[in-house]
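To find a chain, count down the sequence lines: A is the first, B the second, and so on, and within it residues start at 1.
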Number of protein chains: 2
Amino acid sequence: MTKSQPSGVKDRILKAAKELFISKGFAGTSIRDIASASDSNVAHVKYYFQSKANLFEIIFDEAFDILINRVSATITSDLPFEEMIERWITTYFELLPHYPQIPMFVLSEINHSPDALVDKIARKNPEKIFNRLSERMEEEIKKGTIRPVPVFDLGLNILSLCMFPFMFSGFATRTVGIPRSEYNALVANHKQHVVDFVLRALKP
Amino acid sequence: MTKSQPSGVKDRILKAAKELFISKGFAGTSIRDIASASDSNVAHVKYYFQSKANLFEIIFDEAFDILINRVSATITSDLPFEEMIERWITTYFELLPHYPQIPMFVLSEINHSPDALVDKIARKNPEKIFNRLSERMEEEIKKGTIRPVPVFDLGLNILSLCMFPFMFSGFATRTVGIPRSEYNALVANHKQHVVDFVLRALKP
DNA sequence: GTCTATAGCGGGATAGAC
DNA sequence: GTCTATCCCGCTATAGAC
């Protein structure tokens, strides 16, 4: 049946849109760019996705899911605290090399977006993860297994150490001049260092 | 003399351009936006700044200077190593609250910019700072005053911990829903925590 | 220096032929 | 489903009156 076959064109558009939106942003990408990069035309894009904003939302939601939701399972797991922290960090450092531009894309587009779009995201993604993390940390501090570090500071440090290296890659490669392959290797090696860094800093 | 008086219009345009470019990016900002936000018109903007790209470059260069060059004095200073690290971190946490959107602006626009612009920046800002930092760290490691941490990993961690909190503020306030004033207070308080975190993690 | 008018292009969206 | 043609708008840039 023609209806259930993937059209091919639709997938190509989605792929091209992903690359362009993620590397050049919403405002820096036009439907015409997407059409020519996917070897189709403007009418195809409009036919399958109605509007630029609608297509963008599909790409953005997937990116947001990768950056935030896929990691939440680790944080809400019942692993012992130190292992949970280690898993949290390693999960990011194993996931993000496949999507190195996602952290910059998501955080940057949230800054550029009008309130309407951001509100939609906020509604879909409540603070459950953050609350759960908060509970876990408070327990451990009470037990004395880690030194008393405010939840906000530890959480922000971990996110900083996991996401920033990927957000910095454009600067490192394009401005400082480190070859991309070399930077990627350095970041891959950075994972264990971040784990050590965090666990050492948490020792009572 | 009329020539040496600030025109007023020119300054208003610069101010409006700064706000718009920094919050909405190059592609998301039009000359018309800048003209109306500065209570002037398109011709004024063109008269004083010739082109959108030229005006952008002025704003970008200043932002780049704030983010990178103003801190370099600390790194190249002759302070004892631990004090230098502490000064480096505190300098960022004292400077960036005045320019909270600068880290995201600079790193994001570098990703979006064509090679031509990025090359210009790279030429102006060689890797001197990075080399100097590298020397300092290697000395300390040889002396045994800090544990042997690769230069790249420590440098990247410090940049991560100092810049990311500001890059994350849009997410925290708009998606997680933390009020901006509260987030700012948390980040202000975060400074000493980052210093402790880094120094603890460096202990031999 | 200031401002209007407009050129010339590229943007998103739409209509309708096939 | 596919594709061309086109509308209408906003964009940067320019010319030239005052």
Q. Just by protein heavy atoms under 4.0 Å, how would nucleotides 3-15 of chain C read 5' to 3' in B, S and -?
A. BB------BBBB-
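- Using a 4.0 Å cut-off between charged side-chain N and carboxylate O, B:E19 and B:K24 make no salt bridge.
- For A:R132, the side-chain contact (heavy atoms from CB on, under 4.5 Å) partners at least two apart in sequence or on another chain are A:T76, A:D78, A:E135, A:R136.
- Under 4.0 Å is where a charged nitrogen must lie from a carboxylate oxygen, and between B:R70 and B:D65 at least one such pair does.
- Without hydrogens or angle criteria, A:R174 side chain to B:S113 main chain gives a donor-acceptor distance under 3.5 Å.
- Summarising the geometry, the separation between CZ on B:F49 and P on D:dT14 is reported as 17 Å, rounded to the nearest angstrom.
- Taking side-chain N and O atoms only, B:Y48 has a distance below 4.0 Å to OP1 or OP2 of C:dT2.
- Aromatic ring pairs are classed by plane angle as parallel below 30°, tilted from 30° to 60° and perpendicular above 60°; the pair B:F93 and B:F166 is tilted.
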